[in-house]
Amino acid sequence: MNRIFYPLNIYVVWHPDCRFGKTIAEEIYSTFCRDYKNPLSRGIGIPVYFRYVKLSNEQPLDIDTSEAEKNAIILLIDENFFLDDDFRDYVEKLNKLVNSNNRIYPVSLCSKAHTIGCNLGNLQFINALKFNSRNLDLGIKEDLTLSIKKIKTDILHDCSRLLMAFQPSSEDEDSDRMGSPVKLFLSHAKIDV
């Protein structure tokens, strides 16, 4: 039996009590895979998996990084995630998977997310509470929309760096920084010739 081996898998992890986790995860799915509201729609087709349901060990399902060449693990860290010891232990396990092909991208959905520990201190968090220096209140629909836009943009950039085998942006020195973000051109033919 031939096994499908994808170039990239994306995993989105959030606490089941996170108020915005499912909404953000569905938007990530719609951007990278296909529109979840229209399952027959065409999309980029990158597999996106959700990890939020607690199993008998009180943690989400493990992540198997052998299913793809590269794996992006997105942590949506809110107060519930931050305070749950089982989720913190889960992140500790995920950290053991990190290498040049598997990366973790933590997203701050609360002001103290970056202090969660779990060996995430050296990673650059995506701050979902700010957009162009403006503080966002995720309880306001317009602010949540801006936050999701920022999350998707940063994840697209970071996944592009991962696919291109660039080092994580948190490891960049000032001399490594480019004047503009990674540019990725995607195209598809309407009719095969």
Side-chain angles (χ1 to χ4, degrees), residues 1-15 21-22 24-36 39 41-53 55 59-77 81 87-109 113-114 116 118-128 148-173 176-178 180-188:
M1 181 174 153
N2 290 338
R3 191 171 122 183
I4 296 175
F5 193 71
Y6 290 99
L8 175 67
N9 280 348
I10 297 174
Y11 295 88
V12 185
V13 181
W14 74 93
H15 193 277
K22 183 178 182 206
I24 295 168
E26 287 172 343
E27 288 294 328
I28 292 169
Y29 183 92
S30 290
T31 299
F32 289 93
C33 192
R34 71 184 51 81
D35 183 358
Y36 76 95
S41 68
R42 294 178 58 164
I44 298 174
I46 296 171
V48 177
Y49 301 99
F50 296 163
R51 296 293 191 267
Y52 66 98
V53 175
L55 303 176
Q59 294 180 357
L61 185 64
D62 287 336
I63 291 174
D64 181 0
T65 59
S66 70
E67 298 290 321
E69 182 180 333
K70 309 229 183 231
N71 295 279
I73 303 168
I74 301 160
L75 307 176
L76 304 178
I77 303 173
F81 196 122
F87 266 73
R88 293 165 71 102
D89 290 343
Y90 185 70
V91 173
E92 291 284 351
K93 285 194 321 191
L94 294 177
N95 264 313
K96 293 176 182 164
L97 303 174
V98 173
N99 58 33
S100 60
N101 292 323
N102 305 301
R103 295 190 186 156
I104 292 177
Y105 303 105
V107 178
S108 297
L109 296 180
H114 64 281
I116 193 168
C118 305
N119 295 315
L120 297 179
N122 62 338
L123 298 180
Q124 183 174 343
F125 279 65
I126 297 170
N127 186 352
I148 291 170
K149 178 180 178 180
K150 180 180 182 183
I151 292 167
K152 291 189 314 184
T153 300
D154 287 359
I155 290 170
L156 178 59
H157 181 261
D158 288 336
C159 285
S160 297
R161 288 180 66 105
L162 175 61
L163 286 169
M164 295 171 70
F166 287 7
Q167 66 191 17
S169 56
S170 60
E171 294 177 10
D172 284 351
E173 300 291 330
D176 295 329
R177 300 204 189 276
M178 295 184 251
S180 62
V182 172
K183 294 182 181 179
L184 181 65
F185 176 76
L186 298 175
S187 178
H188 69 281

Looking at side-chain heavy atoms only, is the closest gap between [X] and [Y] below 4.5 Å?
X: I77; Y: H114; answer: no
X: I63; Y: Y90; answer: yes
X: T31; Y: I155; answer: no
X: I24; Y: V107; answer: no
X: L61; Y: L55; answer: yes
X: E67; Y: Y6; answer: no
X: N101; Y: T65; answer: no

Can you see which heavy atom on [X] is nearest to which on [Y], and at what distance?
X: C33; Y: V48; value: CB-CG2, 4.2 Å
X: N71; Y: L162; value: O-CD2, 3.7 Å
X: P106; Y: L120; value: CB-CD1, 4.4 Å
X: K93; Y: Q59; value: NZ-OE1, 2.9 Å
X: A128; Y: I151; value: CB-CD1, 3.7 Å
X: L8; Y: A72; value: CD1-N, 4.1 Å

[atom1]-[atom2] distance between [X] and [Y], expressed to the nearest 0.5 angstrom:
X: L75; Y: L123; atom1: CG; atom2: CG; value: 9.0 Å
X: L109; Y: I126; atom1: CG; atom2: CD1; value: 10.0 Å
X: I104; Y: D158; atom1: CD1; atom2: CG; value: 13.0 Å
X: I28; Y: E26; atom1: CD1; atom2: CD; value: 10.5 Å
X: W14; Y: R51; atom1: CH2; atom2: CZ; value: 10.5 Å
X: I46; Y: L163; atom1: CD1; atom2: CG; value: 6.5 Å

Worksheet item: For F32, what residues pass the ring-ring contact (aromatic ring centres under 6.0 Å, His included) criterion, not counting sequence neighbours?
Response: none
Response to the item:
Residues at least two apart in sequence or cross-chain that pass ring-ring contact (aromatic ring centres under 6.0 Å, His included) with F87, listed by chain then number, are H15, F81
Worksheet item: Around K70, counting heavy atoms of other residues, nucleotides and ligands shown, do more than 12 lie under 6.0 Å from its NZ?
Response: yes
Worksheet item: Counting only heavy atoms not in K149, do more than 12 sit closer than 6.0 Å to its NZ atom?
Response: no
Discussion item. Go through it in stages, so that I can follow the logic: the residues are E92 and N119, the test is side-chain hydrogen bond (donor to acceptor under 3.5 Å, both in side chains), and I'd like the CA-CA distance, side-chain angles, deciding distance and then a yes or no.
Written reply: CA-CA 7 Å; E92 291 284 351; N119 295 315; 3.1 Å; yes
Discussion item. When you measure from the side chain of N9 to the backbone of Y49, do you find a donor-acceptor pair of N or O atoms at a distance under 3.5 Å?
Written reply: no
Worksheet item: Taking the side chain from R88 and the backbone from C118, do they hold a donor-acceptor pair closer than 3.5 Å?
Response: no
